[in-house]
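In what follows, a single structure is set out as structure tokens and then discussed.
Just so it is clear, the structure is predicted and the values come from calculations on it, not from any experiment.
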Amino acid sequence: MHYDEFALFEENASEAGLPWAGPTAVRRASVDVARGQAVSALVWGDHDPELVFLHGGAQNAHTWDTVALALERPLVALDLPGHGHSDWRGDHDYMPAATAESMAIAVRALAPRAAAVVGMSLGGLTAIRLAAGHPDLVRKLVVVDVSPGADQHKAAPVLSFIAGPESFASFDEILERTVQFNPTRSVSALRRGILHNAAEQPDGSWTWRYDRVRPSTGTSFDFGPLWDDVGAVEAPVMLVRGGLSGVIDDDDIAEFRRRCPHIRVETVADAGHSIQGDQPLALAALVEEFVFGDS
């Protein structure tokens, strides 16, 4: 199946009801973050990036395509290590502490003066660590549907999908399973997502592009230590919660407010965990107003 990652933007725009004026200026960039390891990024626009986007686990930079089209601003959407077109880590450590250091190198190279960093799920936890450890790179922080209180129980529906088969006999098979686990999304949107997030093999089967972390790596879902990072963030913070998502609960919101009294909390109705997929225009409007509304 032919795949051109830059040929699907018009479909994104049409589905979201956005005007389309022709091909969008987007290019691939790569930054070496360690010996033998590079991070890939989508760079939108020809001017200095104003925003940085970090996707969730088992996703890639294209998850932000419709949001980027709605914002119409120069920005960078990064592929986290082990995801999309970024290299896999030899130690398979994709937790926020390790990933944030790679992101710091990439952001410093591609968007050192960005007005904000937006991170969703694993990307949101990584952005929290980035903001605490590299405050010069995070002038404002938007965290999308995640907290350091996230655990395997709260994220069970997401983890159940990720824990599925490693390969699929056909594109129809991988699409069928993806539709089953994403009832709030259109089939066309899920089809685009698979094309961006999976690759056809020589025998016609399909496999995901991301590194499936193995239990033997000792990966832990205890993100609790990141609460201290929340308290250390000095930048303005907005937390955006999906109205249909169970990844964040009221106790998480209360802890965010205790650790970060200046935080702004918004809920997007009719959105699950991946707000950028379910309600991209609503998320784009929140980002625009929070980051640039007082400029």
Side-chain angles (χ1 to χ4, degrees), residues 50-57 64 67 75 78 80 95-101 103-104 107-108 111-151 153-155 158 220-269 271-276 279 282-295:
E50 298 176 354
L51 296 163
V52 173
F53 286 85
L54 307 182
H55 62 77
W64 303 109
V67 174
L75 58 87
L78 291 158
L80 299 181
M95 293 300 99
T99 300
E101 294 309 304
M103 295 298 93
V107 173
R108 204 173 295 281
R113 292 175 292 279
V117 174
V118 181
M120 176 262 172
S121 197
L122 179 60
L125 296 173
T126 300
I128 290 171
R129 175 85 280 275
L130 180 67
H134 302 273
D136 61 309
L137 296 176
V138 186
R139 293 163 182 84
K140 290 186 178 181
L141 173 63
V142 180
V143 179
V144 180
D145 206 63
V146 76
S147 86
D151 58 28
H153 173 70
K154 293 176 184 175
V158 179
S220 170
F221 286 92
D222 178 15
F223 301 114
L226 287 172
W227 280 123
D228 289 337
D229 286 331
V230 171
V233 174
E234 298 179 357
V237 182
M238 179 170 68
L239 173 66
V240 185
R241 183 182 186 183
L244 302 177
S245 173
V247 174
I248 294 179
D249 60 23
D250 291 340
D251 289 341
D252 294 324
I253 300 296
E255 187 64 13
F256 261 117
R257 293 191 187 281
R258 189 179 77 81
R259 302 269 186 164
C260 183
H262 60 280
I263 194 170
R264 170 178 167 181
V265 179
E266 299 284 350
T267 299
V268 177
H273 183 48
S274 291
I275 300 173
Q276 72 277 11
Q279 296 292 336
L283 180 58
L286 285 171
V287 171
E288 175 70 27
E289 191 275 329
F290 174 71
V291 179
F292 304 105
D294 58 356
S295 60

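- Panel note: side chain H273, backbone D145; a donor-acceptor pair is recorded below 3.5 Å.
- Here the side chains of V142 and F290 are in contact, with some heavy-atom distance below 4.5 Å.
- A tilted orientation is assigned to the rings of W64 and F53, their planes being inclined by 30° to 60°.
- With sequence neighbours excluded, the residues that form a salt bridge (Lys or Arg N to Asp or Glu O under 4.0 Å) with E50 are R73.
- Rounding to the nearest 0.5 Å gives a distance of 6.0 Å between CZ of R264 and CG of L286.
- To the nearest 0.5 Å, atom OG1 of residue T126 and atom CE of residue M120 are 12.0 Å apart.
- With a 6.0 Å radius and a threshold of 12 heavy atoms from other residues, nucleotides or ligands, H262 has its NE2 atom above the threshold.
- Taken from CZ in R108 to CG in D136, the straight-line distance is 4.5 Å, to the nearest 0.5 Å.
- Note on R259 versus D229: no salt bridge recorded, every NZ/NE/NH1/NH2 to OD/OE distance being 4.0 Å or above.
- Between atom CE of residue M238 and atom CG of residue L141 there is a gap of 9.5 Å, rounded to the nearest 0.5 Å.
- Checking side-chain atoms of R139 against main-chain N and O of A114 turns up a donor-acceptor pair under 3.5 Å.
- Side-chain atoms of V291 and L51, non-hydrogen and from C-beta on, do get closer than 4.5 Å to each other.
- Between P148 and V230, the shortest heavy-atom distance links the atoms CG-CG2, 4.0 Å.
- For the atom pair OG1 (T99) and CG (L122), the distance works out to 6.0 Å, reported to the nearest 0.5 Å.
- Using a 4.5 Å heavy-atom cutoff, the side chains of L239 and I253 are in contact.
- Legend: residues meeting salt bridge (Lys or Arg N to Asp or Glu O under 4.0 Å) with K154, ordered by chain and number and at least two apart, are D249, D252.
- Contact check for L78 versus V52: side-chain heavy atoms found under the 4.5 Å cut-off.
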For salt bridge (charged side-chain N to carboxylate O under 4.0 Å, His left out), just list the numbers for D251 and R258, CA-CA rounded to whole Å, side-chain angles, deciding distance to a tenth of an Å, and then say yes or no.
CA-CA 10 Å; D251 289 341; R258 189 179 77 81; over 6 Å; no
